[in-house]
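Report on the structure given below.
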Amino acid sequence: MMGLRHLVASLWRQLISVSVRIKILGMALGLILLLGISLTLQMRAIQESSLRIELQRRGVALARDLAARATDYILLDDLYGLHNLLRDTTMNNGDTVRYAFVLGSDGSPLAHTFGDGFPRGLVDANSVDRSEQYRMRRLRTNEGVIWDVAVPVPVGDGYTVRLGLGEAAMKATVEDTTRQFALTTALVALLGILIAAGLTWMITDPIRRLAGAAKSVAAGDFGARIVPFADDEIGALTRTFNRMTVELERAAHEREERERLRALLIDKIITAQEEERRRISRELHDDTGQALTAIKMGLSNAMAICNDCANIARLDELRDLVGQTLEGVRMLAHELRPPVLDDLGLVAAVRRYLYDWGRTFEVQVSFETFGMDGVRLAPTVETAVYRIVQEALTNAARHSGAGRVDVVLERRGDECVAIVEDGGRGFDPNAVDKARNLGLQGMMERANLVGGQVVVESAPGRGTTVFVRVPIRAQGGGEGWNGRQSAS
């Protein structure tokens, strides 16, 4: 039962999936065929019934006439003449009369038209009383249906004329008429298909053009316009579609302008941030670092000329504190804007950052590069990838609790791919509001600015992987493809 239901559902899906043109042609052809077949069958049944009634009437009339004419031959006991009468009747009505015979008063055949012997059982197949005008029986024979008509002969009791009527001629007439109706139905169906095809084209061609234009709009081409075919419902739909595409085109231009201004603003903000980072890093390294270095050297000189042991210990503590502060300032300056990023490029900057990051957070780090030897990218691209990797590592340090992080930089065709993977506790990306998560939002914004994208894959208990893909815009240097480096 379930299999049959599934088959019916599958056939129904296939049926409703065909084009509108096929559906309309199918409906037109189906209606024409249904009407033609129903009329043909009805005509066939009516004609067959009428011809059968006419056959029976004709058979009764022939049997009565034969009984009246056989009276003289029976009274004269002229069996030869009676046989000729039966033979002439059969020959003159060969299209319907299959046999004829006369039974005597004792029920035995006096004369018949069976040249090869009288069939057994035929005498008892039908009988008529003298009080009846005729009696008709339907017999099944090897020739088909035979209507046997029995009429009493008005010469005495027991004499009967029997006539057998075949339906072959009637069937031939019915079949010929049916073929004519079928041919007419086929011609009407062909004409109907041609008319339906023309009407269908008038309906479906505008719809097809609307569907093509809709696909173009879905692909981002809002310049599609369609000339209305007629001033009907489809024409009204076409004009509405044209107005819609005009509005969509205008909205797309406005959206593109807003996106361009937004990207320009973000680019200026990030550029300003990087310039500010570079300035602060330089000031920390040059001014603050030099001042702390001078303080440290002054404390060392003061310790050399101080004779008070207690003060020497205090000066030593101050010198150590200044040294720690100097180291912290140098690390902060490096994180704000690592000079190696400008001097040696992305690979060297990421390797140096991973080294310091792994020591700071006591996490094992693996770094691999593929096809990046000697490749320098545009400064904006290198900065974007470096900051995204930096943010991904910051998130891993804050939230993952991982003991190992793997980082890969790879060139794939015209793209630079960065992968940051940790084996930490993970999270559900669908449950994170990216608009409020500044870390994820910042990574995506930076990638978008250089025409790239960021994909974050994670699950609770399965760690987190950050995929970064940006187009390569190489500048200077070679484009080595065979380099492979690994550092832990």
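Since the structure is predicted, the reported quantities are computational estimates derived from the model, not experimental observations.
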Would W147 and E167 count as having a side-chain donor-acceptor pair, cut-off 3.5 Å? yes

With heavy-atom distances below 4.5 Å as the criterion, would you say the side chains of V456 and F467 are in contact? no

Of all heavy-atom pairs linking Y353 and L393, the shortest is CE2-CD1, 3.6 Å

Between the side chains of R243 and T240, is a donor N or O closer than 3.5 angstrom to an acceptor N or O? yes

Any donor-acceptor pair under 3.5 Å linking the side chain of S458 with the backbone of G463? yes

R138 vs I146, side-chain contact (heavy atoms from CB on, under 4.5 Å): CA-CA, chis, key distance, verdict: CA-CA 6 Å; R138 185 173 184 270; I146 297 294; over 6 Å; no

Any side-chain heavy-atom pair from I419 and V468 closer than 4.5 angstrom? no

Is the shortest side-chain heavy-atom distance between R411 and F370 below 4.5 Å? no

Where do G426 and T464 come nearest, in terms of heavy atoms and distance? CA-OG1, 3.7 Å

Is the shortest heavy-atom distance from the side chain of K171 to the side chain of E48 under 4.5 Å? yes

Dump the intermediate steps for side-chain contact (heavy atoms from CB on, under 4.5 Å) on L210 and L237, then the final yes or no. CA-CA 9 Å; L210 277 172; L237 177 61; 3.7 Å; yes

State, without any angle test, whether T177 and Q47 hold a side-chain donor-acceptor pair at a distance under 3.5 Å. yes

For the backbone of L34 and the side chain of S38, can you confirm whether one donor and one acceptor N or O come within less than 3.5 Å of each other? yes

Kindly check if the number of other-residue, nucleotide or ligand heavy atoms within 6.0 Å of CZ (R209) is above 12? yes

Which is it for I472 and L377 under the side-chain contact (heavy atoms from CB on, under 4.5 Å) test, yes or no, and what are the steps along the way? CA-CA 6 Å; I472 285 180; L377 310 180; 3.7 Å; yes

Which pair of heavy atoms, one from G166 and one from L55, lies closest together, and at what distance? O-CD2, 3.6 Å

NZ/NE/NH1/NH2 to OD/OE distance under 4.0 Å, E415 and R412: no

Is there side-chain contact between V405 and V407, with heavy atoms separated by less than 4.5 Å? yes

In Å, rounded to the nearest 0.5 Å, how long is the span from CD of E382 to SG of C416? 9.0 Å

In Å and rounded to the nearest 0.5 Å, what is the CZ to OG1 distance from R98 to T141? 8.5 Å

Do P471 and D414 come within less than 4.5 Å of each other through their side chains, counting heavy atoms only? no

Neighbour count above 12 (heavy atom, 6.0 Å) for E254 CD: yes

Got a donor-acceptor contact below 3.5 angstrom from the T369 side chain to the M372 backbone? no

So with a 6.0 Å cut-off around CZ of F427, is the heavy-atom count from everything else above 12? yes

I'd like to check N395 versus M443 (side-chain heavy atoms, cut-off strictly below 4.5 Å). Are they in contact? yes

How far apart are the closest heavy atoms of V389 and A418, and which atoms are they? CG2-CB, 4.1 Å

Pairwise distance OG1(T178) to CG(L41) - rounded to 0.5 angstrom: 8.5 Å

When every non-hydrogen atom of A396 is compared with those of D422, the smallest separation belongs to CB-OD2, 3.9 Å

Considering only NZ, NE, NH1 and NH2 on the basic side and carboxylate oxygens on the acidic side, decide whether R446 and E391 come within less than 4.0 Å. no

The residue among V417, L409, V450 that forms side chain to side chain contact (heavy atoms under 4.5 Å, CB included) with V385 is L409

If I take atom CZ from residue F367 and atom CZ from residue R352, how far apart are they, to the nearest 0.5 angstrom? 14.0 Å

Where is the tightest heavy-atom contact between G358 and V365, given as atom of each residue plus distance? CA-CG2, 3.9 Å

Hey, is the main chain of M444 close enough, under 3.5 Å, to the side chain of N448 for a donor-acceptor pair? yes

Check against side-chain contact (heavy atoms from CB on, under 4.5 Å), R462 and R425: CA-CA 6 Å; R462 297 187 179 181; R425 59 178 63 95; over 6 Å; no

Counting C-beta onward and ignoring hydrogens, is there a side-chain heavy-atom pair between M244 and E247 closer than 4.5 Å? no

How long is the span from the CD atom in E445 to the CD1 atom in I388, to the nearest 0.5 Å? 10.5 Å

Report yes or no: do T245 and R225 form a side-chain donor-acceptor pair below 3.5 Å? yes

Could you tell me the separation between the CZ atom of R52 and the CD atom of E54, rounded to the nearest 0.5 Å? 13.0 Å

